[in-house]
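The structure under discussion appears below in the form of structure tokens.
Below, chains carry the letters A, B, ... as their sequence lines are ordered, and counting in each starts from 1.
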There are 2 protein chains.
Amino acid sequence: MTNTDQPTDQAGLRPTKQRLAVASALAETEGFQSAQEIHDLLGRRGDSVGLATVYRTLQRLAEAGDVDMMRTEDGEAIYRRCSDSHHHHLVCRTCGRTVEVEGPAVERWTSAMAAEHGYADVSHTLEIFGTCRDCQ
Amino acid sequence: MTNTDQPTDQAGLRPTKQRLAVASALAETEGFQSAQEIHDLLGRRGDSVGLATVYRTLQRLAEAGDVDMMRTEDGEAIYRRCSDSHHHHLVCRTCGRTVEVEGPAVERWTSAMAAEHGYADVSHTLEIFGTCRDCQ
DNA sequence: CCATGTTTGACAACGATTCTCATTGCGAGT
DNA sequence: ACTCGCAATGAGAATCGTTGTCAAACATGG
Ligand SMILES: [Zn+2]
Ligand SMILES: [Zn+2]
Ligand SMILES: [Zn+2]
Ligand SMILES: [Zn+2]
């Protein structure tokens, strides 16, 4: 289901069967998934794709900003499709439900802090964790 | 030098020679270090401590909140002694120089976002990266 | 169809972290 | 000080996510 007829803008990469498969796996899943989970999902679904290819594709997508990459508590990389504007995540510690949040407040604060200490070319990472309504 | 005569509050853990060695390695270093770097440092210095022990000790200290743990871009865990109050880090992408920053603004913002979406029991992680004055 | 640069996949190689388990060292109680 | 019980250690093996290798399969422009 949920065909990916749209171009999916893969930033100058060939739209190969494998890359489309990974893209669709991301498209039809709401939360964050590890490369291996995506690999398993594709295998189970029939569109088998090599594990190395899944890793490569996810890296490319993350670099291009087409997906968000964050790390679990134990360092594993997990990915999720997301809007292309800068934003942060509010993640449920129990079920993983994720909400994208944004606002000028943090952006301003981080810039101010950096400027105050003479740091240039600033970026930041911010993740909020909590227990969502359904899991309380 | 810089003896660690203070109790170093190891949260109910036996103050063994090894744990004290790790604590002192953290005490005399300013920036973030990986477990392996600490292990090497101790070896070079004579207070040889098993690698597994270094890992175990750092985990305990991190859980107890006596040191900060964050992850490098590629998922490696790095540790640094730090003040015990809640704060965030402003890290130089080039030389690693780190400044601890804090302020009620972000704390309020994250709480507000979480509340707005019905998330309870909230915590967050925030790291700011930039290029420090000396590295520009 | 052909030449040429991409992409893929099976598998090996890596590197950080964790596990195993026999040995050692505290430390409370005597 | 002596002893018992259990926490702590260390050497090495084992995990496991991730990356490297490289020959074979492909996509694309001419
Ligand atoms: Zn996102
Ligand atoms: Zn939840
Ligand atoms: Zn610097
Ligand atoms: Zn904070």
Could you tell me whether the side chain of [X] and the main chain of [Y] form a donor-acceptor pair under 3.5 Å?
| X | Y | value |
| --- | --- | --- |
| Arg19(A) | Arg14(A) | yes |
| Ser34(A) | Glu37(A) | yes |
| Gln136(B) | Thr131(B) | yes |
| Arg81(B) | Val67(B) | no |

Next item on the list: Could you name each residue pair satisfying salt bridge (charged side-chain N to carboxylate O under 4.0 Å, His left out) that touches residues 108-118 of chain B, not counting sequence neighbours?
Entry: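 As it turns out, there is no salt bridge (charged side-chain N to carboxylate O under 4.0 Å, His left out) pair with a partner in residues 108-118 of chain B once direct neighbours are skipped.
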Notebook entry, point to check: To the nearest 10 degrees, how far apart in direction are the end axes of the helix from dC1(C)-dG30(D) to dT30(C)-dA1(D), each fit to five base pairs?
Noted result: 30°
Note to self: If you take any heavy atom closer than 4.0 Å to DNA chain C, which residues from residues 72-79 of chain B end up in contact?
What the structure shows: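 Listed by number, they are Glu76(B), Ala77(B).
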Item checked: dT9(D) OP1/OP2 closer than 4.0 Å to side-chain N/O of Thr16(B) ->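 Checking Thr16(B) against dT9(D): at least one side-chain N or O falls below 4.0 Å of OP1 or OP2.
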Check: Less than 4.5 Å apart, any side-chain heavy atom of Tyr119(A) and any of Thr110(A)?
Finding: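 No - every pair of side-chain heavy atoms lies 4.5 Å or more apart.
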Checklist line | ILVMFWY network linking Phe129(B) to Met70(A), side-chain heavy atoms under 4.5 angstrom | finding: no
Item checked: Pairs satisfying ring pair (Phe, Tyr, Trp, His ring centres under 6.0 Å), at least one member in residues 57-101 of chain B, at least two apart -> Phe32(B)-His89(B), His86(B)-His88(B), His86(B)-His124(B), His87(B)-His89(B), His88(B)-His124(B)
Check: If you check the Gln36(A) side chain, which of dT9(D), dT8(C), dT18(D) turns out closest?
Finding: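 Closest of the options to the side chain of Gln36(A): dT18(D).
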Restricting both atoms to N or O, compile the protein contacts to nucleotides 3-6 of chain C shorter than 3.5 Å, with distance only.
residue, atom, partner, partner atom, Å
dG5(C), N2, Arg14(A), NH1, 3.1
dT6(C), O4', Arg14(A), NH1, 3.3
dT6(C), O4', Arg14(A), NH2, 3.1

Next item on the list: Report the residues that fulfil side-chain hydrogen bond (donor to acceptor under 3.5 Å, both in side chains) with Arg60(A), sequence neighbours left out, ordered by chain and then residue number.
Entry: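 Checked Arg60(A) against side-chain hydrogen bond (donor to acceptor under 3.5 Å, both in side chains); zero matches.
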Next item on the list: Looking at every strand, decide which applies to Gln59(A) at a 4.0 Å heavy-atom threshold: base, sugar-phosphate, or nothing.
Entry: sugar-phosphate
